[in-house]
Amino acid sequence: MTVKIWNFFPREALYECYQCARCTGSCPAIEVAPALGPRETILKCLNLGHDEIVEDERLWVCCTCNVCEDRCPQKIPISDLLVALRNSAARRGNIPDKLEIAIELLAKTGRSMIVHQLDEMRAHHGLAPLLPVPIDEVREILKKTRLDEVVEF
Amino acid sequence: MKQALDDLHKGSNSKDLRIGVYVCHCGKNIGGTVRCEEVAEFAGTLPNVILAKDSLYTCSEPGQEQIKTDIREQKLNRVVVASCTPRLHEPTFRAACESAGLNPYLLEMANIREHCSWVHLHDRDAATDKAKDLVAMAVARAALLEPQFELTVPVKRSAMVIGGGVAGIQAALDMADAGYKVYLVERTGSIGGRMAQIDKTFPTMDCSICILAPKMSEIGRHPNVGLLTLSEVKEVEGHIGNFKVKVLRKARYVTDGCTACGDCIHACPQLAPDEFNAGLSIRHAIYIPFAQAVPSRYAVDMNLCLNNQGIVACDRCFQACTRKCIDFAEQDQILDLEVGTIVVATGVDVYDPTALTELGYGRFPNVITTLEFERLINAGGPSSGELIRPSDRRRPERVAFLQCIGSRSKRSNPYCSNVCCMNTIKDALLIKEHWPETEIFVFYIDIRAFGKGFEDLFQRARREGVTFIRGIPGEIIEDINTGDLTLLGENTLLGSSYRYRMDMVILSVGIRPRSDASVIQRLLNLSTDTDGFYMEAHPKLRPVDTTTGGVFLAGAAEGPKDIKDSVTQASAAASRANILMSRGEVRIPAVTAKINPDKCSACGLCAKICPYHAIEGSKEQGYYRVIEAMCQGCGACVPECKFGALDQAHFTEAQIVSQINQALAHSPERKIIAFACNWCSYAGADFAGVSRIQYPDNVRIIRTMCSARVAPDWIELAFLKGAGAVLVSGCHPSDCHYNNANQNTAKRVEKFWKRMEKLGLNKDRLRLAWVSAAEGTQFAKVIKEMEQGINKLTPLQIEETKQKLAKRPSKKGEPV
Ligand SMILES: Cc1cc2nc3c(=O)[nH]c(=O)nc-3n(C[C@H](O)[C@H](O)[C@H](O)COP(=O)(O)OP(=O)(O)OC[C@H]3O[C@@H](n4cnc5c(N)ncnc54)[C@H](O)[C@@H]3O)c2cc1C
Ligand code: SF4
Ligand code: SF4
Ligand code: SF4
Ligand code: SF4
């Protein structure tokens, strides 16, 4: 149930990092929450190994906006690294409760959250109620992405 | 002596060969691994060898004396020395031969140290067997060596310097002072270059133009200097010692009666951004680049002037000029120069940070570059030296510098620009000097203060209160009402985010090769490094030479450097050129190509690929010929000839074929024939030896000057003889020492692969590898991999290869 991070991110790319911090400097998540900036993530992978990082729950604050990658002078595929780390973290049980619940709901109802007001709001805007979701298809997709390895459903 | 040489020449034509072989122990370097006595004894049994000796140090005085004595007393007419790499001692032994009356080209060396004892340290038997093989190959080649006579070409005692920055100025003065005529070709209206634009210079904080101006005026009045401004090199022909150059001198429209009084400028209605002030001010169509310009003369920018249609539509400046120096009839001119040497000093461009949109340069008026700052703070600049910010001309109280902009980045220039750290520190101190209360923040990744006096300056900046923050901002936000700027980023040392409000931001932009550097590169057959700077012939030992004889490099055109290094290099380049000019003649190695006119069918294929345009001829003329003084001896042309009309002196077909045959005389199926170019791959294999990197002993290296000399016929021959594998190796494509001749290598190997594929043969047995002189590890790795391939080979496969390749496609036009 583990994933090899280096299958999804070229390890050598870590050595290209100058620690210039343009990435973290442009990160919107770190503006509002104690995120683990990409620069620090890379430094820790380099100096402490990635095991340290996959235990860190701040890994989940990143909003995968990709702006860090856009700023990086070394063209390091930072978002690939962050996604790979999260995949690994989730399989080791480091996943926020709310996210776990969302996946479970998705598998059971086809929706990641239940908002009762939704139909009212749609009606207010003159929209038809939402159609039921083909749950079997959704579950098939979730399995294909191997999310069932992370959350039981 | 002449008689002796004639005799020798005759000797070589007859079968009367007398070869002497000297096997060197090199102390324990060779002798510790190779049984040298045994090798010498074996050499004595080889055909035409009349004596074979081993000695402790062949390169020592007694060792050389022995060779000389034997040449005289034993009438040796070929000498083989089995020792270290010919890249080290070939000149030594050649000189020994020459002093004993033997043509130096009748020496052959077997490299049994770098290519043998040092790389097979733990197998005495294998190393000894390989040394015997290498000696046998050398003896076979020696038998076919011919005396060669180096051509002496006269060197014209005049020089051209391209580019009139500080480097070009220094080089021109050094050559002119030595008594040679120098043409200094500068593209703009004045010499001075970047240094004239800078306010002060680090690390001494001298006034830049104050120290430069005296040198500029010296150029202007030096009797040996012909200063050509508004001029560009259009054509270069010829070779070391005798270059024929065409220079386009654009019309200035102002005669030399001009006293630079400036009466004309205010009459002129036409305006444009002033490039000298980095576009921060405006100038007129009639202008002088800057106050201290040399020549101190106005010029009309015809692109801007109202008379640019060829008719005089405006004559206001003409009317304003009391001395009547304005002449709209002046024409562009082509000047023909003849020079013996050339110094290239074209300098650098400055990185344009517009592409880094997150920093807002070009959109936010208060974000400027360091070059613009130099002009702003200069007393002769657009604000008369007042530090003001562009949006409201207010003096900024908080200023930020951002380092490494456009440098150390795969998105722009990957290298460090070398001057921007110190330049920023200098700029910060300049602000502190005039307005000490200004708050200054420098955002950096690393501060590189490596030169003499640099660290002192850095410490001074810190003492004076400049704040250094590690971490480049990721974003700059402008307050549209005030023009103030907010910098968002991370302080990596504190591990915390920051948000700074600044009045002004200065981007410490890097320097890069001139955008049109390729023009001069092509005109002079120069190479460029991966960053686009002109490449030196050797990074350590020939740092100002280029691979084109007689052409030298000075200043930042060769790589980012500061003023001091530019001047040092300029003096070095001038000194190298002076050596050539003072001697007045130069010998060129006799490894040129030759065309046999009887066999030449005038197809012209060779001329097409010669990277030096050294082959001339035509169908009408009936044949082609090599211009010896222009041929650099790469040999790329030889395999191109389908009629066998071409050959290369000292690297003849027959000589190389003899080496291949000898190398494959025993157990060919185990052997790797490795063709290696003199400059990179052979040197790389040498480096593997120096580093004692161990690799399989079955490789036999054959040296050519360029990998482009390697003929597909040789590869075929090796396989026909049953070779296990063949390696063709040369310099990395951009590093070729013969102006990218090695693109032919790649083409020919690819063609051979296609042929193997078509015949259903395992094409992995032919390998192409680019190995630089520093890549000993890479060379060893390639050989190890090839060895693994050989281990998998079956005798049947080798036989199949022989048979299939033997059936040569007979029809013309089929791939050979
Ligand atoms: C903003 C900035 C600040 C700097 N501050 C300092 C400092 O404080 N101290 C220091 O030591 N160094 C400093 N430097 C570095 C310094 O500018 C260079 O070391 C120096 O200018 C290099 O001199 P050069 O003659 O090689 O090139 P350049 O100064 O670039 O001169 C090249 C000349 O060649 C001409 N030219 C180019 N192409 C052609 C062509 N094809 N034909 C004819 N002419 C041509 C150009 O017009 C120019 O006149 C600074 C650089 C910059 C960008
Ligand atoms: S922007 Fe790129 S080079 Fe700079 S710290 Fe982030 S990952 Fe490293
Ligand atoms: S002729 Fe040209 S340079 Fe002279 S004033 Fe008119 S526009 Fe200006
Ligand atoms: S000199 Fe300094 S600012 Fe310039 S590229 Fe190098 S490290 Fe960056
Ligand atoms: S291709 Fe090379 S060897 Fe042939 S003429 Fe040109 S420079 Fe000389």
Side-chain angles (χ1 to χ4, degrees), chain A residues 9-48 52-53 55-82, chain B residues 351 353 355-361 400-417 420-421 441-448 468-477 485-500 502 505 507-510 512:
Chain A
F9 175 83
R11 191 177 199 153
E12 318 76 59
L14 292 177
Y15 305 120
E16 308 270 319
C17 173
Y18 281 128
Q19 292 288 300
C20 72
R22 283 176 172 97
C23 48
T24 306
S26 61
C27 173
I30 214 160
E31 276 278 286
V32 294
L36 187 67
R39 180 200 60 82
E40 194 179 338
T41 308
I42 291 191
L43 185 65
K44 284 194 164 150
C45 283
L46 273 169
N47 290 3
L48 306 174
E52 189 95 354
I53 304 259
E55 304 294 329
D56 196 323
E57 54 193 35
R58 288 176 298 164
L59 196 58
W60 292 97
V61 184
C62 158
C63 57
T64 52
C65 68
N66 262 19
V67 72
C68 52
E69 197 170 312
D70 186 72
R71 300 291 192 267
C72 176
Q74 293 295 79
K75 298 190 177 173
I76 299 174
I78 308 174
S79 19
D80 291 356
L81 174 69
L82 297 175
Chain B
Y351 176 74
L356 305 174
T357 49
E358 69 271 22
L359 303 180
Y361 178 77
F401 287 90
L402 269 51
Q403 296 310 104
C404 297
I405 301 303
S407 310
R408 306 176 71 197
S409 163
K410 289 186 182 166
R411 294 192 193 278
S412 39
N413 304 322
Y415 50 86
C416 165
S417 290
C420 12
C421 274
F441 298 81
V442 176
F443 297 88
Y444 71 100
I445 312 176
D446 304 289
I447 291 292
R448 297 187 162 169
F468 288 83
I469 294 170
R470 197 187 177 290
I472 308 290
E475 208 77 56
I476 297 182
I477 301 167
L485 304 157
T486 302
L487 277 51
L488 301 181
E490 187 199 17
N491 182 322
T492 69
L493 298 179
L494 293 177
S496 60
S497 298
Y498 62 68
R499 178 182 264 274
Y500 285 102
M502 295 288 159
V505 170
L507 304 178
S508 195
V509 286
R512 60 189 328 174

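Quick caveat: nothing in here was measured; it's all calculated off a predicted structure. Proteins get letters first, then strands, A, B, ... in listed order; numbering begins at 1 in each.
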Heavy-atom donor-acceptor pair, Arg411(B) side chain to Lys75(A) backbone, under 3.5 Å
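Answer holds: no.
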Does the pair Glu16(A)/Lys410(B) count as a salt bridge with the N-to-O cut at 4.0 Å?
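Between Lys410(B) and Glu16(A) there is a salt bridge, with a charged N closer than 4.0 Å to a carboxylate O.
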Sequence neighbours excluded, which residues qualify as ring pair (Phe, Tyr, Trp, His ring centres under 6.0 Å) partners of Tyr18(A)?
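For Tyr18(A) there are no ring pair (Phe, Tyr, Trp, His ring centres under 6.0 Å) partners, ignoring immediate neighbours.
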Separation of Ile472(B) CD1 from Cys23(A) SG (nearest 0.5 Å)
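If we round to the nearest 0.5 Å, Cys23(A):SG and Ile472(B):CD1 are 11.5 Å apart.
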Could you tell me the separation between the CD1 atom of Ile30(A) and the CG atom of Leu488(B), rounded to the nearest 0.5 Å?
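The CD1 atom of Ile30(A) sits 11.5 Å away from the CG atom of Leu488(B).
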Pick one of side chain, backbone, both or neither for Arg408(B), based on which atoms fall under 4.5 Å of a heavy atom in chain A.
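Its backbone and side chain both get close to chain A.
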Can you list every side-chain hydrogen bond (donor to acceptor under 3.5 Å, both in side chains) pair that touches residues 468-477 of chain B, not counting sequence neighbours?
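Passing the test, one end in residues 468-477 of chain B: Arg71(A)-Glu475(B), Arg470(B)-Thr492(B).
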Using heavy atoms and a sub-4.5 Å threshold, report which of residues 58-69 of chain A line up against chain B, by residue number.
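Within residues 58-69 of chain A, the residues under 4.5 Å from chain B are Glu69(A).
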When only heavy atoms count and the cut-off is under 4.5 Å, which of residues 40-47 of chain A reach chain B?
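Within residues 40-47 of chain A, near chain B: nothing under 4.5 Å.
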For Gln74(A) and Ser409(B), work out which heavy atoms get closest and say how close.
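Taking Gln74(A) first and Ser409(B) second, the nearest heavy atoms are OE1-CA, 3.6 Å.
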